[in-house]
Asks: 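I have a structure here, written as structure tokens, and I will follow up with some questions on it.
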Number of protein chains: 2
Amino acid sequence: MNEHIAPVPLDKAYRLLNHGPTVLVSARHEGVENVMAAAWACALDYAPPKLTVVLDKGAATRALVENSGRFVIQVPTVRQLELTYQVGHRSLAREPDKLEHSGVELFGMPGFDLPFVAGCSAWLACRVLPEPRNEATYDLFIGEVEGAWSDTRVFKDGHWHFEAADPGLRSLHYIAGGFFYAIGEPMQAGETAPE
Amino acid sequence: MNEHIAPVPLDKAYRLLNHGPTVLVSARHEGVENVMAAAWACALDYAPPKLTVVLDKGAATRALVENSGRFVIQVPTVRQLELTYQVGHRSLAREPDKLEHSGVELFGMPGFDLPFVAGCSAWLACRVLPEPRNEATYDLFIGEVEGAWSDTRVFKDGHWHFEAADPGLRSLHYIAGGFFYAIGEPMQAGETAPE
């Protein structure tokens with residue numbers, strides 16, 4: 001955990017996902033750790049904060065989430081474009097050194113027995129709220145956020161600062177076939193609104 | 001329906017939402033129409049395409065969705081920044097002329113008894129897959145996409161073209177307090193990948 005990482009108040013945690021970034025999902029069970037990419041993650045509630053994430057039945061990370069009941073959602077950066085693509089396409093089952101080959105470095109947070117991916121801009125430590133029908137029918141998992149942190153160079157005082165931060169810290173938004181967009185310029189609505 | 005709007009093949013419909021844009025949700029029941037903004041909408045499956053959207057119990061649009069079993073998810077543009085903010089903050093219950101005051105113009109699509117918001121970049125016509133527990137516990141609705149269309153000036157041949165299109169057609173990504181980001185520059189991963 002480096003000196004730029006600071007906790008985010010839980011009632012502001014939804015803002016880490018509100019703009020729809022592609023995320024990394026990490027989990028650990030009985031010494032096995034894995035990381036996958038997920039474009040289908042979304043905020044679900046404010047307080048306590050909850051989120052949804054779709055985990056395919058074929059994903060090795062899903063078994064770790066199911067068995068441990070915990071996972072981390074983290075927001076990768078433009079600097080991690082290749083890492084994000086690689087963890088999304090390599091398979092731990094076929095390639096035991098997947099994380100090393102993808103350039104993933106993991107670190108810990110005091111009080112949380114979870115693997116966090118170094119170099120991201122935000123992290124949400126989650127506990128699975130078991131919903132067997134959603135998980136079986138839709139591959140849809142619901143997590144309650146128990147801890148949140150950001151890299152204060154890009155998210156501070158409850159707000160993203162993409163426009164002022166290093167462009168390498170922008171979030172990634174996946175489309176398909178290795179093609180992403182980075183987040184762009186800020187826009188303020190409501191300042192000239194009637195009433 | 002103007003000359004720029006064309007159908008999107010259903011197996012490519014997830015790409016309209018994959019980058020996490022803030023959306024507009026519209027519905028109609030017994031002659032009452034409404035439109036709201038939602039940052040918490042997400043793709044859920046490829047084929048048949050499904051999506052999730054969070055609809056607060058206090059939202060007038062939710063009752064229309066519940067009663068009609070149908071809704072439209074559409075992707076507003078930078079040109080619609082103020083419209084998006086206004087439909088997200090005005091209430092049909094308190095303000096019967098909400099849509100007119102917010103600058104919303106509705107149009108129809110042949111074969112779909114649903115209100116579509118003019119000027120958006122993409123539209124997904126959905127049928128509710130009833131999941132009473134999700135709806136009651138989490139305000140979470142699941143829709144199956146039965147029709148999809150795009151403005152071909154910005155989404156064509158299964159791909160977004162934000163980098164080539166008019167900047168006014170970029171998607172919006174909400175944070176809080178009227179503050180949005182527009183989608184930014186394209187990035188291609190995997191071209192220099194090992195293996």
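Side chains are part of it too, since the values below use all heavy atoms of this structure and drop only hydrogens, waters and symmetry mates. Below, read A as the first sequence line, B as the second, and so on, with proteins coming before strands; counting in each chain starts at 1. Because the structure is predicted, anything quoted here is derived from the model rather than measured.
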Asks: Sort by residue number and list every residue of residues 16-32 of chain A having at least one heavy atom under 4.5 Å from chain B.
Replies: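 Within residues 16-32 of chain A, the residues that come under 4.5 Å of chain B (heavy atoms only) are A:Asn18, A:His19, A:Gly20.
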
Asks: Write down the atom of A:Tyr14, the atom of B:Ala176, and the distance for their closest heavy-atom approach.
Replies: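 Nearest heavy atoms, A:Tyr14 then B:Ala176: OH-CB, 3.7 Å.
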
Asks: State, to 0.1 Å, how close B:Leu81 and A:Gln188 come at their nearest heavy-atom pair, and which atoms those are.
Replies: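 Shortest heavy-atom separation between B:Leu81 and A:Gln188 comes out as CD2-O, 3.9 Å.
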
Asks: Taking the side chain as everything from C-beta on, heavy atoms only, tell me whether B:Glu131 gets closer than 4.5 Å to A:Glu131.
Replies: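 B:Glu131 does not reach A:Glu131 side chain to side chain.
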
Asks: Measuring from A:Glu185:CD to B:Glu185:CD, what's the distance to the nearest 0.5 Å?
Replies: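 So the CD of A:Glu185 and the CD of B:Glu185 are separated by 12.0 Å.
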
Asks: Given heavy-atom pairs under 4.5 angstrom as the criterion, report whether the side chain, backbone, both or neither of A:Lys12 touches chain B.
Replies: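 For A:Lys12, no heavy atom lies under 4.5 Å from chain B.
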
Asks: Hey, which of A:Ala182, A:Ala41, A:Gly177 has the most heavy atom pairs under 4.5 Å with chain B?
Replies: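 Most heavy-atom pairs under 4.5 Å with chain B: A:Ala182.
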
Asks: Output the residues of residues 136-145 of chain A for which the shortest heavy-atom distance to chain B is under 4.5 Å, in residue-number order; output 'none' if no such residue exists.
Replies: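 Under the 4.5 Å heavy-atom cut-off, A:Tyr138, A:Leu140, A:Ile142 qualify.
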
Asks: Return yes if some donor-acceptor pair links the side-chain N/O of B:Glu163 with the main-chain N/O of A:Tyr181 below 3.5 Å, else return no.
Replies: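 No; judged by distance alone, with no hydrogens or angles, the pair does not exist.
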
Asks: What is the distance from atom NE2 of B:His173 to atom CD1 of A:Ile183, rounded to the nearest 0.5 Å?
Replies: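 If I round to the nearest 0.5 Å, the distance is 5.0 Å.
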
Asks: Quick one: what part of A:Asn134 sits under 4.5 Å from any heavy atom of chain B, side chain, backbone, both or neither?
Replies: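 Contact with chain B involves the side chain of A:Asn134 alone.
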
Asks: Classify the ring geometry between A:Phe179 and B:His159 as parallel (under 30°), tilted (30 to 60°) or perpendicular (over 60°).
Replies: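 The arrangement is perpendicular - the two ring planes meet at more than 60°.
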
Asks: Look at the rings of B:Tyr46 and A:Trp40 and say which category their plane angle falls in: under 30° parallel, 30 to 60° tilted, over 60° perpendicular.
Replies: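 Tilted: the ring planes of B:Tyr46 and A:Trp40 meet at 30° to 60°.
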
Asks: A:Cys42 and B:Ala39: which non-hydrogen atoms are nearest, and at how many Å?
Replies: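 Closest approach of A:Cys42 to B:Ala39: SG-O, 4.5 Å.
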
